[in-house]
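Chain naming here is simple, since letters A, B, ... match the order of the sequence lines and numbering starts at 1 in each.
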Number of protein chains: 2
Amino acid sequence: MQLQRLATIEDVAGIAGVSIATVSRAIHEPAKVADATRRRVNDAIARTGYTTNAMARSLRMRRSNMILILAPDVGDPNFSNILVGLETEASKRGYGVLIGNTQNDATRETDYLRFISSSQATGLILLTGHLPFGLEQSSPLTRLPPMVAVNEPVPGDRVPFVGVDNFEGARIAAEHLISQGHRRVAFIGHSTSRMVAELRERGYRAALSDAGIAIDPMLILDGDGTTESGRQAAEHMFVRDVLPTAFLCVNDATALGVMIALNARGYDLPRQFSVMGFDDISYASFVTPSLTTMKQPRSKIGEEAMNLLLAVVEGRPVEQKQVLLRSELILRNSVARLGADDGDPSASRYRRSG
Amino acid sequence: MQLQRLATIEDVAGIAGVSIATVSRAIHEPAKVADATRRRVNDAIARTGYTTNAMARSLRMRRSNMILILAPDVGDPNFSNILVGLETEASKRGYGVLIGNTQNDATRETDYLRFISSSQATGLILLTGHLPFGLEQSSPLTRLPPMVAVNEPVPGDRVPFVGVDNFEGARIAAEHLISQGHRRVAFIGHSTSRMVAELRERGYRAALSDAGIAIDPMLILDGDGTTESGRQAAEHMFVRDVLPTAFLCVNDATALGVMIALNARGYDLPRQFSVMGFDDISYASFVTPSLTTMKQPRSKIGEEAMNLLLAVVEGRPVEQKQVLLRSELILRNSVARLGADDGDPSASRYRRSG
DNA sequence: TTTGTCGATGTAAAGGTTTTCATTGACTAT
DNA sequence: ATAGTCAATGAAAACCTTTACATCGACAAA
């Protein structure tokens with residue numbers, strides 16, 4: 001069940017009439033071999049269809065060209081675009097990406113570390129927000145394998161981080177709502193996710209404070225980042241009957257839930273309530289009304305992260321241990337100026353946007 | 001820039017007081033080594049934290065435990081769930097998955113084949129619908145590496161296939177529309193994708209024929225599978241003024257476009273037009289009205305495909321060269337009985353469904 | 001001529017496994 | 001007692017590279 005035996009460096013050397021050392025050099029350090037010889041070697045390589053055996057190479061060099069990506073949920077639509085960036089950059093530099101779906105399961109995480117410890121993979125991209133189990137208890141002294149955290153930072157300062165500036169993004173979002181005349185702005189948060197949600201909430205608070213608006217604790221609710229929790233949070237507000245004029249949600253999924261709740265109660269959006277999300281997930285533009293949100297440069301995040309990791313892997317000097325990218329305000333139709341009533345709202349619903 | 005030297009099999013052998021051969025056997029064929037010895041070896045392994053070096057192992061065995069997945073667009077939301085299935089099954093069997101984003105670029109495809117030819121990867125999952133460039137011109141005689149096509153079959157019968165039964169799925173979809181009283185059912189197809197769209201169109205035709213409904217060529221339009229093309233196709237129908245009562249779309253993205261067009265024209269869905277998609281992409285349930293569609297068992301597809309591939313890779317006998325899974329009819333709110341008018345449609349819009 | 005330098009190449013070790021084949025010793029059947 | 005079988009183990013080859021070190025020859029300087 002295997003292909004015909006592949007040509008080895010020895011076959012090439014035989015045909016070219018040189019030693020295997022020369023072949024290896026002709027490939028990796030062409031300058032060190034005479035022109036004529038190099039030509040003979042190249043011919044031989046072409047004739048045999050030789051490819052260097054990566055296993056042998058990695059074994060000898062004690063380093064593979066493979067990067068392991070650990071993500072809690074590979075099916076998450078947020079993940080796939082980051083993956084594109086990671087893959088693109090890795091491939092460009094001759095590395096392959098190995099993906100590990102951990103489902104936040106400690107066993108699976110430990111399990112995947114074998115790729116690192118067996119030197120099958122050289123570096124690690126973490127989308128988990130924590131050190132993988134099995135490294136977690138390692139003393140602060142132990143040397144960690146090269147790794148970079150993406151999206152969610154790893155507590156402590158041992159792991160370089162690439163992600164979006166959540167504080168700034170949320171502040172911009174909240175400022176946008178305020179600029180549209182809203183002063184009673186609710187925030188639907190995400191208690192289970194540590195850092196990200198917290199930073200976004202802080203951004204929200206900062207914007208309000210800067211605008212001289214007092215924070216109303218009744219307008220701050222926690223969800224768990226899902227659409228359903230967004231729906232519930234909105235319902236909760238109606239039950240308590242403390243209402244905002246705009247909802248800023250910790251992410252688009254939550255915002256979607258809020259919109260569903262508002263729609264179900266028969267409100268006309270965005271005329272009666274404005275809603276903002278964060279992330280710009282793929283269907284943010286397809287819901288009705290289409291969702292105004294902060295766009296994460298996902299592909300870019302992936303590229304930057306892989307860049308940083310490869311620098312560490314290859315021992316190049318790395319300038320900064322933390323890269324914060326800016327998120328972009330995407331204006332769609334779920335936010336309206338407070339009190340404004342622009343004639344025929346239904347006609348504007350499907351107006352296209354970036 | 002590397003971890004402290006890892007324990008080798010020799011270290012273990014030394015501590016356990018046996019030869020390296022015995023250690024290897026204790027690990028892979030425990031039955032072949034005496035109980036007492038095995039215990040000593042296991043202790044030594046535990047003490048040293050030994051992990052077998054995958055590079056050395058693969059080199060010796062001439063076979064790695066890595067599967068290469070070639071996909072034209074890793075960012076495609078359809079892909080991510082298949083990936084989950086592929087990864088889960090692979091990981092369960094001790095294999096790793098390597099992902100390659102080809103963007104339908106011949107160079108990138110060829111490039112990725114180096115993982116196969118350098119024996120860094122043992123098998124190939126193709127989501128491309130064709131043999132990767134570089135194998136494409138290989139004569140029918142050349143032995144191909146172990147591979148399985150997913151979602152879209154590879155022309156010819158050289159590559160085993162795992163996917164959904166598109167013909168049957170589309171037939172069920174069309175039958176559903178017919179069962180709701182629709183007799184003028186449009187089909188918005190997808191000319192650029194060969195097999196998949198064609199099979200779905202055939203299923204549509206079969207259902208109509210079986211119901212004794214003549215096929216009206218004016219009701220069959222081609223798109224390119226995108227939301228925008230769905231919108232255009234629907235517009236096109238209004239321009240020609242040959243209207244169906246229901247739209248069956250080759251996929252959900254197209255269906256979404258159709259719904260956008262109909263909404264923009266001010267029609268009330270599903271009262272005035274019914275729309276069906278195919279795939280059940282993640283936001284099918286979030287649009288208004290939520291989309292009735294055929295659900296692809298994506299994760300299951302991934303698992304089956306990986307299963308089949310690993311069988312081939314490991315030389316186990318493989319029963320069938322083609323696995324067709326059934327898609328499932330998901331009833332939501334974009335289809336209504338023809339002529340029916342059920343009181344308060346807005347209230348039912350957000351009724352949950354499977 | 002002698003010595004030294006330098007560029008081009010070859011030899012051989014090392015990297016860590018798995019596996020074939022040989023060896024050993026215990027035990028069984030004759 | 002002898003031959004034969006069998007289970008447990010070890011020695012060494014093979015997998016395919018990269019690279020430190022050695023060699024060789026040409027040429028320059030003395």
Side-chain angles (χ1 to χ4, degrees), chain A residues 2-42 44-45 48-65 114-120 122, chain B residues 2-42 44-45 48-66 94 114-115 117-120 122 314:
Chain A
Q2 62 183 346
L3 330 195
Q4 63 257 26
R5 202 182 77 78
L6 298 112
T8 74
I9 201 174
E10 205 152 353
D11 300 332
V12 175
I15 295 188
V18 297
S19 77
I20 61 172
T22 300
V23 175
S24 178
R25 276 190 289 256
I27 297 174
H28 302 292
E29 305 165 295
K32 286 199 175 178
V33 7
D35 284 11
T37 318
R38 180 153 20 87
R39 240 186 323 270
R40 286 212 313 284
V41 170
N42 287 336
I45 289 178
T48 54
Y50 168 77
T51 340
T52 113
N53 179 313
M55 310 323 271
R57 174 169 225 265
S58 303
L59 174 58
R60 172 61 222 236
M61 312 251 300
R62 299 154 139 243
R63 187 154 85 66
S64 76
N65 56 158
R114 87 191 133 89
F115 283 106
I116 296 287
S117 61
S118 72
S119 56
Q120 219 167 165
T122 302
Chain B
Q2 64 183 344
L3 329 195
Q4 63 256 27
R5 202 183 78 79
L6 297 114
T8 74
I9 200 174
E10 205 151 351
D11 299 334
V12 175
I15 295 187
V18 296
S19 74
I20 61 172
T22 300
V23 175
S24 177
R25 277 190 288 256
I27 296 172
H28 301 293
E29 307 163 296
K32 286 198 173 176
V33 6
D35 284 11
T37 318
R38 180 154 16 90
R39 239 186 324 271
R40 284 212 314 284
V41 171
N42 287 336
I45 289 178
T48 54
Y50 168 74
T51 341
T52 112
N53 179 314
M55 310 322 275
R57 174 169 223 264
S58 303
L59 174 59
R60 172 60 222 236
M61 313 252 296
R62 301 156 130 238
R63 186 154 87 64
S64 78
N65 55 159
M66 201 85 6
R114 89 191 132 90
F115 284 105
S117 60
S118 72
S119 56
Q120 217 167 167
T122 302
E314 293 171 359

Inset, instruction - Specify the closest pair of heavy atoms between S19(A) and A13(A), including all atoms of both residues, with the distance to one decimal. - result: C-CB, 3.8 Å
Legend entry - Helix axis bend for the helix from dT1(C)-dA30(D) to dT30(C)-dA1(D) - C1'-based end axes, five pairs, 10° rounding: 60°
Inset, instruction - Please tell me which of the listed nucleotides, dA12(D), dG10(C), dT17(D), lies nearest to the side chain of A21(B)? - result: dA12(D)
Legend entry - Interatomic distance, R63(B) CZ vs dC16(D) P [rounded to whole Å]: 16 Å
Legend entry - Nearest-0.5 Å distance that lies between atom CD1 in I9(B) and atom OG1 in T48(B): 10.5 Å
Inset, instruction - Rounded to the nearest angstrom, tell me the gap between atom NE2 in H28(B) and atom C1' in dT17(C). - result: 8 Å
Inset, instruction - Could you tell me whether a side-chain N or O of S118(B) sits under 3.5 Å from a main-chain N or O of T52(A), the two making a donor and an acceptor? - result: no
Legend entry - Toward the 5' end of DNA chain C, by each residue's nearest nucleotide, E29(B) or L59(A): L59(A)
Inset, instruction - Compare side-chain N and O positions of R60(A) against OP1 and OP2 of dA14(C) and report whether any pair is under 4.0 Å apart. - result: no
Legend entry - Nucleotide dT17(D), atom P - distance to CD1 of I45(A) in whole Å: 10 Å
Can you pull every protein N or O that's under 3.5 Å from an N or O on nucleotides 5-9 of chain C?
residue: dT9(C); atom: OP1; partner: T37(A); partner atom: OG1; Å: 2.4
residue: dT9(C); atom: OP2; partner: A34(A); partner atom: N; Å: 2.9
residue: dT9(C); atom: OP2; partner: T37(A); partner atom: OG1; Å: 3.4

Inset, instruction - To the nearest 0.5 Å, tell me how far T51(B) OG1 sits from R114(A) CZ. - result: 10.5 Å
Inset, instruction - Send over the distance from R57(B) CZ to dT18(C) P, rounded to a whole Å. - result: 5 Å
Inset, instruction - Report the distance from atom CG of N53(B) to atom OG of S119(A), rounding to the nearest 0.5 Å. - result: 4.0 Å
Let me have the donor-acceptor pairs involving side chains of residues 23-30 of chain B, under 3.5 Å, with sequence neighbours excluded, atom names and distances please.
residue: H28(B); atom: ND1; partner: R57(B); partner atom: NH2; Å: 3.4

Inset, instruction - Could you tell me whether S119(A) contacts a base, only the sugar-phosphate backbone, or nothing, with contacts defined as non-hydrogen atoms closer than 4.0 Å? - result: nothing
Legend entry - Under-4.0 Å side-chain N/O to phosphate OP1/OP2 contact, R62(B) with dC16(D): yes
Legend entry - Spacing between I20(A) atom CD1 and dA13(C) atom P, to the nearest angstrom: 12 Å
Inset, instruction - Looking only at non-hydrogen atoms, find the nearest pair between V41(B) and V12(B) and report the distance. - result: O-CG1, 4.1 Å
Inset, instruction - To the nearest 0.5 angstrom, please state how far the CD atom of E314(B) sits from the CZ atom of R63(B). - result: 6.0 Å
Legend entry - Whole-Å distance separating the CD atom of E10(A) from the C1' atom of dC15(D): 11 Å
Inset, instruction - Give a yes/no answer on whether the side chain of S24(B) brings an N or O atom under 4.0 Å of OP1 or OP2 in dT18(C). - result: yes
Inset, instruction - Return the value, rounded to whole Å, for the distance between atom CD1 of I9(A) and atom C1' of dC16(D). - result: 8 Å
Inset, instruction - Round to a whole Å and report the spacing from CG of D11(A) to C1' of dC15(D). - result: 13 Å
Legend entry - D11(B) CG to I45(B) CD1 distance, which is reported to the nearest 0.5 Å: 11.5 Å
